[in-house]
Structures are given as C-alpha cells and as structure tokens.
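What you see below is based on every heavy atom in this structure, not just the backbone, and it leaves out hydrogens, waters and symmetry mates.
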Amino acid sequence: MGGSVIVIGAGIGGLASAARLAARGHDVTLIEKEASVGGKARRVEVDGQPVDAGPTVFTMRDVFDDLFRQCSTRLEDHVSVRRAEVVARHAWSERERLDLFADPRRSEEAIGDFAGADAARGYRAFRLETRRMYDILNEPMMRGDNVSTPLPLLWRIGLWRFDAFAAMRPHQNMWRALGKFFPDPRLQQLFGRYATYCGSSPFAAPATLMLIAHVEATGVWLIDGGIHALAEAIRQVGESKGVRTRLNTPVTAITTDTRGRANGVELASGERIAADAVICNADPGALASGRFGEGARRSVRPLAPQKRSLSAMVWFAHAETAGFDLSHHNVFFSRDYPREFEQIGNDITPSEPTVYVCAQDRGGHLSSASPDRRERMQIIVNAPANGDTHSYPPQEIEQCTQAMRSTLQRCGLTLESDMPCKVASPAEWERLFPGTGGALYGRASHGSAASFLRQGPRTRMAGLYCAGGATHPSAGVPMAALSGLLAAKKVDADLASTKTSRPVAIPGGTSMRSAKTGVTG
C-alpha cells in the first residue's frame, strides 16, 4: 500500500502525476481552485461556443501513450486523435506563403519552391542537426531527472562524448545558428519562432532550442475537443485508479510538521488535509511569493522579473473570416522580428506583432474548408510578462487588437469587424496564475545555462515537490506531463525509502534497526 499524496493544481502536470501515483497504489487527492481541470488548457465560452483557451499544439504523443498504458488503458479509447497533414501554415504577405508538412520530404520540396534549392539543402542539413540534438537530449535531459549543472548531463551522454555536448550548441545563439542554415531571413524567422514555444526570444536563446523543430516535424496531432479534452481524459483515467478530484477548492497554505517537512494543505475554507507528500503543480513563483504560506516560500528560489518568459495577448473569438485559407495552425509574421522582441524586452506590446491563429474548426489538411459562418479561433500575440505591474486598460487592449488585425490583413486574412471575442492580457494571466506576472512558461530559456536553472521536481522543503510547465524539463503539453511524471517518480521513490527506513522493533530485545539497512542502533 502506498502513501497519501496531495496534488495542488489540475493542470497537465498535476493530472499526470496524480494518475501515475494512483496507478502505483498511492492514495491521491487532486485539488483545483477552478471549476474544471486543465490549468492553462481550459475553455472559454464565446458567443455560446466553447473555445479552447490554452495550449493548442500536441506533439510527443508517445508520452501520453505511455501514461495511459501505465494506467491500464489506451489514449485512443478516451480521445479522438489524428495526425495533422499540414503542421503549420505561414505567411509574410498575401503572396509569401509556406506550409510545413507531416511528411518532411514535402516540407523540403515546399521550402525549395518558396526560397530556392539552397534553402531546401539548408533545411535538409537542419533536419539532420536537430534530429541529432533530440537523440542526444531526449532520454538524459527531457525524460531524465533534473540536472542542476552540465556535469551530470555529460555523465549521462558519456563523458568521453564532448562532441555530443558540442552538438547541443548551448553556447551558440539560436538566431545566428539558424542563419547558417537559412540565409533567407524569412526561414530564419520561421524556425526562430520555435523559441517562443518555451516563452523565449530567438535572439537570446541558445541554439539548443532548434531541436523543438524536430519534435514538431515528428508529428503534430489534432484532438477532437482540443487539449482540454486531453486533460479531461487524464482526469477520468486517474479517477478510475482512485484519484479523488476536488474542484472549486483553493489551497491557501502547505502545512508542515515540527521538522519543517510538508505534511498536508490548508484550504480557503479552513479545512486541513494531511498527506505524506505534496506536489504543487503551479508556477514556482507562486510558492516563492508566499501564495501557499510562509513556510513554502523558502522551498524554491524566487525568479527575478527580468528572467520571466513571455506572456501573451490572447483573443478567444467566434468570427467569420475571409481571404486566407486557414489550416488548423497558422502563423502571420511581422516585417521586423528584431524590433518585435526588442519592444517586448522593454515591456512594450509589439506595434507590429507576429500573430498565431489556431482555427479550431479546421482539420489541419492541405485544403481546409471554411465553416459556413463563424468559426472558433484562438489568436495569440507575444507580450511582456508585466501583468503584476501593468493593468492593460481597455484603450491599450484596443490598440493591440488593431495591431493584430493589421498584421493579418497585410497577409490576406480579414476578420469580421464586430466579431464576438474575449481578450486575456498579461494582467489576466497574472490573476489566473498568481506570482508569475503573466509569464506563461516559467523561466525564459535565455543563455547557455538556462536548461540547468529551471526548478526541478524536488524542492528545499522535504515532502514538497514541483510539477508543471514552469519546471524541469520545459514548457509545453508533453513537457508538462513529463514534469508530472518525474515528480511522481520522486514521490514514489522517497515514500518507499521513508517507509522501509522506519524503525522496527526487534522481538525479545530493546534495540531498533532499520528495515532498509538492517543496522541496529
């Protein structure tokens, strides 16, 4: 029989850790302050329609296949999943458009048609390089335990393989590295955008982040109902294994015993729940800012505001469109990418932003028919993570809306003028996820040591663990799940160690010994 575990926060990481621990025989209570599970993978009702309001790109399906298998079921028994033929559709103007495909040979051909034979050869070399990066880092870094310095990682990939460490390119700038593969600045911009998948600037991130392009090239999947449907599926599987889910239940403090070890939580209602271990599936900034009590404040290092990842201006819309044949994932680029990130770095929303549009009713095929009238969309523009110091008044939101529309119109997409929509600014993200300033990805991956500075599953407080997209290994749906599974692994091991190390009385004598070591004392 396992121990008792409380998981705070029903985001993807919390759901994954709860399901995994319950499948391992632990007594798990999952506590969520909102009315539904999913965390950032939530839904917003617009014009009577449910619009997915969180992450939209689903990759590394094997992570979830494995999670569901550990829970004695299959992913496809709970959600409808299909592979997208078109990974993403990109535009720089009405005439400059480029699709990337699930079939890399089609992508190479499309790049050649778009930018010439040299660009196609550059893409081929880029694919080989990013695949090598992924193969080196997948098991030891992304799926392995947290590493706080490069040395343990070198040990795992083989200390003799300094060529492998060099292949990670941790000391090279991503933007400059991309320029070696793609002299065409449009392609440099396209593949540089992958840095934003973990809330970072391609002008400050290490070239290591180029491997994200390989992750996406290996498969983008579409889920009927979006990522929120995936969250609900993990919840159901966890509950089938015994997880007790409590919604609309804010946690105000993580409680401790006399030794300073986490031993449960206190709820806003005043109720206390005891546990052998607590997993906090929240941005570590919430712990460091005292959102879960003064004792937990010291469990993690605080993050300086300038180290935060990107936030976003997001429009959840139900609108008619015209002029551009949308796929499921679409990117409309600004004409001055360096200026865009310079403005964000100066706490200014971009005057001419790059715009991502997830057309949720489109199927990710080469030709995706437009719905008869309005369609559901999530529209995202990168923004500074200053939601704790800046209120984003209506006039500023309107200014951002017009800048977003201008980029779309320049690229050939028109949205109806009075479309029903709701807007979330960095201030709204701070309200939903306190202690972050609206940062959606935790710490920005800037500098060569960035990968070794993210909060790991264990904290400074015994019995308290972290999970979620702001912790190791990184942001994104599969990475958040991996963080939850890593936290579950640590809890499982630590509780087993604690249980077997408890003193056991020796019949006929007064001395005690450890059941784990057999040493008397």
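The two residues Ser474 and Cys198 have their closest heavy-atom pair at OG-CB, 3.7 Å. Between Arg454 and Thr471, the shortest heavy-atom distance links the atoms NE-O, 3.3 Å. Nearest heavy-atom pair, Cys466 versus Thr459, reported as atom, atom and distance to 0.1 Å: SG-CG2, 3.7 Å. Of all the heavy atoms in His446 and Ala205, the pair that sits closest is CD2-N, 4.0 Å. Across all non-hydrogen atoms, the minimal contact from Gly468 to Ser483 is N-OG, 2.7 Å. Across Leu222 and Ala84, no two heavy atoms sit closer than the pair CG-CB, 3.9 Å.
Within a 6.0 Å sphere centred on CZ of Arg301, other residues, nucleotides and ligands contribute 12 heavy atoms or fewer. For Arg298, the CZ atom counts as loosely surrounded, since its 6.0 Å shell holds 12 or fewer non-hydrogen atoms of other residues, nucleotides or ligands.
Separating the CG atom in Leu326 from the CD atom in Gln360 is a distance of 12.0 Å, to the nearest 0.5 Å. One distance of note links OG of Ser497 with CG of Leu495; it measures 9.5 Å at 0.5 Å rounding. Between the CD1 atom in Ile6 and the OG1 atom in Thr29 there is a gap of 6.0 Å [rounded to 0.5 Å]. In this structure, the separation between OG on Ser4 and CD1 on Ile273 is 10.5 Å, given to the nearest 0.5 Å.
For Phe64 and Phe58, the ring centers are positioned less than 6.0 Å apart.
For the side chain to side chain contact (heavy atoms under 4.5 Å, CB included) test, residues two or more places apart in sequence or in another chain that qualify with Ala213 are Phe126, Phe191, Tyr194. Looking at residues two or more places apart in sequence or on another chain, you find no side-chain hydrogen bond (donor to acceptor under 3.5 Å, both in side chains) involving Arg261. Every residue two or more places apart in sequence or in another chain that forms a side-chain hydrogen bond (donor to acceptor under 3.5 Å, both in side chains) with Arg69 is listed here: Asp66. Listed by chain and number, the residues in a salt bridge (charged side-chain N to carboxylate O under 4.0 Å, His left out) with Asp418 amount to none (sequence neighbours excluded). Residues satisfying the side-chain hydrogen bond (donor to acceptor under 3.5 Å, both in side chains) criterion with Gln402, sequence neighbours excluded, are Glu398. Legend: residues meeting side chain to side chain contact (heavy atoms under 4.5 Å, CB included) with Thr249, ordered by chain and number and at least two apart, are Ile31, Arg246, Leu267. In this structure, Asn346 has no side-chain hydrogen bond (donor to acceptor under 3.5 Å, both in side chains) partners at least two apart in sequence or on a different chain.
The pair Asp492-Lys489 does not meet the salt-bridge criterion, since no charged nitrogen lies less than 4.0 angstrom from a carboxylate oxygen. For Arg291 and Glu430, the salt-bridge test passes: some basic side-chain N is under 4.0 Å from an acidic carboxylate O.
The one candidate from Asp361, Asp52, Asp47 that meets the salt bridge (Lys or Arg N to Asp or Glu O under 4.0 Å) condition with Arg376 is Asp361.
No hydrogens or angles considered: nothing links the side chains of Thr56 and Gln378 as a donor-acceptor pair under 3.5 Å. Side chains of Asp283 and Tyr441: a donor-acceptor N/O pair is absent below 3.5 angstrom, by distance only.
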Tell me which donor-acceptor pairs under 3.5 Å the side chains of residues 421-428 have, and how far apart each pair is, sequence neighbours excluded?
unit_1: Lys422; atom_1: NZ; unit_2: Glu45; atom_2: O; d: 2.8
unit_1: Ser425; atom_1: OG; unit_2: Ala427; atom_2: N; d: 3.2
unit_1: Glu428; atom_1: OE1; unit_2: Arg431; atom_2: NE; d: 3.1
unit_1: Glu428; atom_1: OE2; unit_2: Arg431; atom_2: NH2; d: 2.8

Distance-only donor-acceptor pairs under 3.5 Å for side chains of residues 228-237, two or more places apart:
unit_1: His228; atom_1: ND1; unit_2: Val37; atom_2: O; d: 3.4
unit_1: His228; atom_1: ND1; unit_2: Ala41; atom_2: O; d: 2.8
unit_1: Arg235; atom_1: NE; unit_2: Glu239; atom_2: OE2; d: 3.0

* Going through the checks in order, is the side-chain contact (heavy atoms from CB on, under 4.5 Å) test met by Val477 and Val63? -> CA-CA 10 Å; Val477 176; Val63 172; over 6 Å; no
* Trace of the side-chain hydrogen bond (donor to acceptor under 3.5 Å, both in side chains) decision for Thr73 with His78 -> CA-CA 9 Å; Thr73 186; His78 300 270; 2.8 Å; yes
* **Worked verdict on Glu76 versus Arg61 for salt bridge (Lys or Arg N to Asp or Glu O under 4.0 Å)** => CA-CA 11 Å; Glu76 57 267 35; Arg61 174 181 167 168; 3.3 Å; yes
* Between Asp27 and Arg244, does a salt bridge (Lys or Arg N to Asp or Glu O under 4.0 Å) hold up when you go through it step by step? -> CA-CA 9 Å; Asp27 181 12; Arg244 291 184 301 277; 2.8 Å; yes
* Do Leu310 and Thr196 pass the side-chain contact (heavy atoms from CB on, under 4.5 Å) test, and can you show the C-alpha distance, the side-chain angles, and the key distance before you say yes or no? -> CA-CA 8 Å; Leu310 296 171; Thr196 67; 4.1 Å; yes
* Asked: For Glu34 and Arg42, what are the C-alpha separation, side-chain angles and deciding distance, and is it a salt bridge (Lys or Arg N to Asp or Glu O under 4.0 Å)?
  -> CA-CA 10 Å; Glu34 300 295 328; Arg42 60 198 186 103; over 6 Å; no
* Stepwise side-chain contact (heavy atoms from CB on, under 4.5 Å) check, Glu216 with Tyr197 -> CA-CA 11 Å; Glu216 193 165 277; Tyr197 278 37; 2.7 Å; yes
* Tyr465/Asn281 under side-chain hydrogen bond (donor to acceptor under 3.5 Å, both in side chains): CA gap, chis, key distance, verdict -> CA-CA 9 Å; Tyr465 305 79; Asn281 179 57; over 6 Å; no
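For residues 268-293, the set of pairs meeting the ring pair (Phe, Tyr, Trp, His ring centres under 6.0 Å) definition, not counting sequence neighbours, is empty. Annotation: salt bridge (Lys or Arg N to Asp or Glu O under 4.0 Å) contacts involving residues 303-319, sequence neighbours excluded, comprise Arg308-Asp388. Sorted by first then second residue, the salt bridge (Lys or Arg N to Asp or Glu O under 4.0 Å) pairs that include residues 456-472, not counting sequence neighbours, are Arg458-Asp494.
The shortest distance between side-chain heavy atoms of Tyr356 and Ile379 does not fall below 4.5 Å. You'll find the side chain of Glu396 reaches within 4.5 Å of the side chain of His390, heavy atoms only. Side-chain contact check for Thr218 versus Thr59: every heavy-atom pair is 4.5 Å or farther apart. No side-chain heavy atom of Ile344 sits less than 4.5 Å from a side-chain heavy atom of Ser201. Side-chain atoms of Met377 and Trp315, non-hydrogen and from C-beta on, never get closer than 4.5 Å to each other. Residues Ile254 and Leu464 are in side-chain contact: their nearest non-hydrogen atoms beyond the backbone lie under 4.5 Å apart. In this structure the side chain of His329 never reaches within 4.5 angstrom of the side chain of Val357, judged on heavy atoms. You'll find the side chain of Asn248 stays beyond 4.5 Å of the side chain of Glu32, heavy atoms only.
Using a distance-only test at 3.5 Å, with no hydrogens or angles considered, no donor-acceptor pair links the side chain of Arg24 to the main chain of Gly2.
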